[in-house]
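Letters go in sequence order (proteins before strands), and every chain restarts at 1.
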Amino acid sequence: MINYSEIEAKWQKAWADARIFENDVSDKPAYMVTAAWPYVNTPLHIGHLRAFGTSDVLARYKRMRGFNVIYPMGFHATGTPVLAFAKRIKSGDKEIVEELRMFHVPDVEIQKMTEPAYIAAYFTNESRQLYGRSGFSMDQRRSFVSTDPQFSKMVEWQFAILNSKGYLTKGRHPVGWCPNEDNAVGMHDTKHDVEPEIEEETAVLFRVDGEDAYMLCTTYRPETLFGVTNMFVNEKVQYVACRIGDGGKQYYISKAAAGILKYQTKVEILEEVGADRLLAKTCINPMNGSKLPVLPGFFVKEGVGTGIVMSVPAHAPFDYAALERLRKEGRLQQEIKPIKVLDVKVGRSLSDVSVGEAKPSQMDVPALAYMEILHTNVDAIDDMLEFATKLEYREESHWGRMLAKGYEGMSEPEAREKMKKELAANGNAISVYALQNAPVYCRCGYEVVVKVVEDQWFINYGDKAWKEESKEALKRVNLLPDRTRNAFDAAMDWIDMRAVARAQGLGTRFPLDSTKIIESLSDSTIYMSFYTISNLVKDLAPEKLRPEFFDFVFKGIGDADKVAASTGIDYTLIKKCRESFEYWYRDTSRGSGPDLIFNHLVMYIYNHTAVFDSAYWPKQIVVNGFVMSEGEKMSKSLGNIVPLSDALAKYGADPSRMNVIAGADLYSDADFSGTAVRGIQERLEYLYNAATDLDKLGSGELKSIDYWLYSKLSGKIGRATAAMEKLELRDAYIPIFYDSVLELKRYFARGGGNGIVVKDFLSSVALMLQPMAPHLAEEMWHTLGNDSFASLEKWPEADKDMLDAKAESVEEAIERMLEDARQVIALMEKKSGKRARSIKLMVAEDWKRKLLNALAKEKRVDRALAAVNGEEGVSMETAERIATMLAKRMNELQPVGLTQQEEFVGFSDAAGYMAKQLGCDVKVEKEAAAMSERAWRSVPLKPSIDLALE
RNA sequence: GCGGGGGUGGCAGAGCUUGGCCAAAUGCGCAGGAUUGAGGUUCCUGUGGUUUUAGUACCUGCAAGGGUUCAAAUCCCUUCCCCCGCACCA
């Protein structure tokens with residue numbers, strides 16, 4: 001058994017003592033690897049091992065390829081989460097305490113986490129230790145936290161540039177809002193961590209007949225306005241007459257709606273109005289002027305929309321049901337006929353029930369038809385009606401075609417957009433916001449509303465010139481994997497105004513409004529560049545880090561003399577910072593998760609184009625997938641999140657790394673599973689034991705199987721290197737790791753045992769294993785007699801001269817031979833009931849090679865036959881039979897380079913091995929010498945078999 | 001709804017960019033055998049379906065349907081299903 005913790009501790013200490021991962025400016029080409037930093041309230045889990053480990057593998061690989069590499073890592077602490085975290089701890093929130101206990105955070109520590117500073121300190125410290133224990137080759141001197149005042153100075157400088165380019169603009173913006181605490185709420189502030197989803201709704205104005213006032217009515221389907229027959233209000237609800245907006249019109253809405261709307265716009269309540277007064281009124285349809293009676297609707301809710309509903313009985317089951325119920329109760333004075341406004345294509349409706357089968361009455365009232373399809377009726381419970389509504393809504397918006405004048409033939413979504421525009425243009429509608437997933441509750445218990453924040457600051461990612469420049473920058477980025485490019489392109493097009501100033505949270509003050517804090521994704525778009533100087537400026541007084549310092553260091557503006565004079569920073573330090581930035585920031589790789597493509601990563605590109613010269617724009621972005629646990633998605637609710645510390649302790653760093661990082665393609669999700677990790681451990685152990693047992697092997701002249709092993713080695717270096725360049729780590733580590741084990745096993749089984757050959761093989765394997773399993777690779781490397789660090793060695797080069805097609809084809813032929821022989825033996829033993837005693841293999845004559853090669857080249861039987869006609873010992877009858885046989889697989893035919901003699905020697909050498917595999921004697925002979933009826937059937941690399949039974 | 005990704009053996013997952021040599025590398029699981037006092041480990045063999053056979057083969061299969069082509073998992077169209085994101089939130 002390998003003692004992982006012992007080996008890991010040994011090498012981690014050796015690396016740290018030798019400081020081999022702390023690098024500075026040198027003559028070597030520079031390479032900088034960064035990965036998206038973790039948030040300081042998150043204990044690290046196995047997912048982080050994937051994200052940071054992938055970057056570590058890249059850093060380690062690049063080091064072996066001759067680059068001077070740094071892999072720095074900082075911490076994110078800005079924004080609201082750490083404040084919310086402290087608050088929850090303070091209030092004794094059980095959920096969060098449980099979560100922390102799952103990560104083995106001691107209770108004494110949890111109790112101390114009432115201050116953001118302590119939380120940040122605790123987790124940064126824990127994380128740094130875990131980085132070390134994971135074997136990450138990080139340069140820890142460069143670590144910093146996003147709340148560090150020196151870093152803040154850089155963010156201020158960055159925002160001054162954004163402002164000078166006109167990218168900061170002001171406007172209004174809807175946010176989730178807690179009326180009780182009077183501040184914005186995000187996911188972290190709500191009960192059960194739900195994100196308040198804000199949705200824009202169209203509110204249509206229905207003028208009240210004979211009044212200069214309107215009933216306001218929100219709807220998702222304004223295109224059905226042509227089908228409105230009446231209005232619904234709820235008899236039990238309190239309504240108000242009010243004015244909305246500055247100098248706005250007079251409206252009727254529910255009192256509850258007024259209470260919500262006042263967060264979005266000015267609402268001035270004129271008087272309270274009972275439902276009975278509304279029921280006495282008549283409205284006018286703004287689209288066609290038709291008169292609409294106001295009726296009581298059982299389903300109307302005061303807090304949903306405006307508490308007033310436009311009734312479209314032809315297309316809304318609730319509306320139809322409400323009218324029918326009124327009719328039954330005898331409360332419907334006038335005849336109300338549903339008006340159909342859209343039709344569905346024949347054969348495409350009602351959940352696959354053909355429209356043709358529907359009754360004419362159903363055709364006129366789709367709402368009724370959908371109820372019937374679901375075997376329900378107008379007296380059904382609300383849930384059933386809701387279900388019918390959703391079904392109808394979905395099918396009509398998918399397949400519906402408009403009937404109304406001016407909209408004929410349009411799809412519903414198309415008509416909706418047109419209608420919205422028309423209504424807005426004529427002043428017949430206004431936009432209001434609502435929570436799509438209402439009700440959402442703040443942690444304090446109050447229901448969240450939508451507030452429209454005035455004077456919100458935005459970063460205008462919609463700026464045309466900026467967008468173009470950033471798209472250009474994206475084109476130049478090497479995306480790994482490249483198939484994320486579509487997502488990046490889409491993200492580039494989509495990103496627009498982004499609110500940037502927040503009232504709350506940790507972080508840098510917004511320069512244009514010092515009462516606000518810069519939103520925390522926006523303060524982290526160019527932070528990687530700060531790693532190039534973070535170790536140099538961390539002890540400087542923040543106020544010295546004036547804009548001219550950053551101008552000089554990051555943009556080369558001005559000169560060091562003057563900057564030194566105005567800032568008081570040492571001249572040589574300033575020069576050093578500039579030098580460091582120029583050196584490290586040219587060739588970079590940015591690692592991240594797929595969830596960040598649509599925010600962080602596009603903002604990263606945008607901000608680089610805004611701030612830096614093009615030589616320092618992003619060069620490579622790596623997007624890695626998530627990690628699952630035993631086939632399931634990791635989540636708090638399932639309680640199956642694997643803490644990184646657990647994985648390291650239980651399985652060791654190297655096996656865990658291999659499982660999580662090399663266990664799946666770059667962009668696919670990996671599965672952390674016990675059986676898989678144990679499988680990896682067994683193989684690591686096999687390779688390690690092979691290295692320690694090397695002295696038991698002999699030496700001597702190289703045999704065919706030795707050449708085969710060299711050939712395999714050379715091939716795998718080529719394959720692995722190609723895969724590593726694209727960071728396809730699974731593809732790389734199958735040949736490096738899994739195949740190597742199989743090949744060594746085969747090598748020994750085939751009688752290989754040359755210590756020099758095995759040492760060469762293992763040396764290369766150990767080096768290629770180094771990026772992924774660095775500890776064990778170091779240990780193996782030293783076991784093999786080396787004194788240097790494997791971490792600093794050169795990546796092996798493929799030696800093309802070692803590629804030995806003949807040796808490989810012999811081995812492949814032997815394997816195929818065994819398969820065939822097994823089939824024959826099984827068949828004959830079953831048939832005869834006797835055991836196989838011995839097998840004679842008859843190797844094809846040289847003329848058959850000529851025949852096969854001619855056939856492979858010419859692809860024609862006649863020409864191939866002509867090529868061997870007249871040769872010594874050739875029977876044309878046999879030649880024809882063989883040629884016909886081979887021709888069946890014409891496309892697969894590969895020329896054979898091996899002579900009969902070579903093939904004979906190859907099979908003869910393997911006779912013992914084959915005998916062991918088959919459990920019977922194996923003799924090898926040349927075809928002509930074999931004196932067997934079956935000898936003629938031999939084909940190059942496919943000897944004929946003669947089986948003798950007992 | 002919009003945007004992005006996907007659907008291949010019992011499972012995970014290659015192959016799709018550049019059509020044929022290619023369906024399924026590798027691992028897990030399962031079955032049989034060897035080793036072992038037993039279990040585990042390890043080693044060997046088998047593992048989509050079917051037919052045939054003293055082996056070198058054939059048929060059917062890559063979500064469903066259609067098309068292009070001498071040839072389609074791969075290109076095109078239609079439909080269905082699954083996952084992720086949709087913003088001020090890290």
Just checking Gln456(A): base, sugar-phosphate only, or nothing, at a heavy-atom cut-off of under 4.0 Å? nothing

Below 4.5 Å, heavy atoms only, C-beta onward: do Val450(A) and Val175(A) meet side chain to side chain? no

Please check if any side-chain donor atom of Tyr688(A) sits under 3.5 Å from a side-chain acceptor atom of Asp693(A), or the reverse. no

Verdict with supporting geometry, Phe907(A) and Val922(A), side-chain contact (heavy atoms from CB on, under 4.5 Å): CA-CA 10 Å; Phe907(A) 273 101; Val922(A) 175; over 6 Å; no

Touch class at under 4.0 angstrom, heavy-atom based, for Pro943(A) against every strand present: base

Any Lys633(A) side-chain N or O less than 4.0 Å from OP1/OP2 of rC84(B): yes

Under a 3.5 Å threshold, yes or no: a donor from one side chain and an acceptor from the other, between Ser809(A) and Glu812(A)? no

From the list rA87(B), rU56(B), rA90(B), which nucleotide is the closest neighbour of the side chain of Val939(A)? rU56(B)

Strand partner of rC80(B), provided both Watson-Crick or wobble distances fall under 3.5 Å: rG7(B)

Trp37(A) vs His76(A) aromatic rings, parallel, tilted or perpendicular, using cut-offs 30° and 60°? parallel

Assign His173(A) to base, sugar-phosphate, or nothing according to its heavy-atom contacts below 4.0 angstrom with the strands shown. base

Looking only at heavy atoms, what is the nearest atom pair of Ala935(A) and Lys848(A), with distance? O-NZ, 4.1 Å

Any-strand Watson-Crick or G-U partner of rU41(B), both distances under 3.5 Å: none

If pairing means Watson-Crick or G-U wobble with both distances under 3.5 Å, then the partner of rG29(B) is rU47(B)

Apply the syn/anti split at 90° from 0 to rG9(B) and say which one it is. syn

Any-strand Watson-Crick or G-U partner of rG20(B), both distances under 3.5 Å: rC70(B)

Nearest-angstrom distance from the residue atom CG of Asp595(A) to C1' of rC86(B): 14 Å

cation_pi(Arg750(A), Tyr913(A)) dist<6.0 Å, angle<=45: yes

Length of the line joining His600(A):NE2 and rC84(B):P, which is rounded to integer Å: 22 Å

Taking N or O atoms only and anything under 3.5 Å, show me the protein contacts with nucleotides 24-31 of chain B, one pair per line.
residue, atom, partner, partner atom, Å
rU26(B), O2, Arg730(A), NH2, 3.4

Using atom CZ of Phe75(A) as one end and atom P of rA90(B) as the other, report the distance to the nearest whole Å. 18 Å

Whole Å only: how far is the CD1 atom of Ile597(A) from the P atom of rC86(B)? 13 Å

Whole-Å P distance, rU52(B) and rA64(B): 28 Å

Starting from C1' on rG15(B), measure out to CD on Glu728(A) and report it in whole angstrom. 13 Å

Which part of the nucleic acid, if any, lies within contact of Thr42(A), taking any heavy atom under 4.0 Å across all strands shown: a base, the sugar-phosphate backbone alone, or nothing? nothing

Atom pairs under 3.5 Å, N or O on each side, protein against nucleotides 2-5 of chain B: can you list them with distances?
residue, atom, partner, partner atom, Å
rG5(B), OP1, Asn486(A), ND2, 2.5

Checking Glu201(A) side chain against Tyr433(A) main chain: does a donor-acceptor pair fall under 3.5 Å? no

Nearest-Å distance, CD (Glu685(A)) to P (rG40(B))? 19 Å

Whole angstrom is fine here: how far is it from CG in Leu506(A) over to P in rC88(B)? 19 Å

Spacing of Leu918(A) atom CG relative to rA34(B) atom P, expressed in whole Å: 17 Å

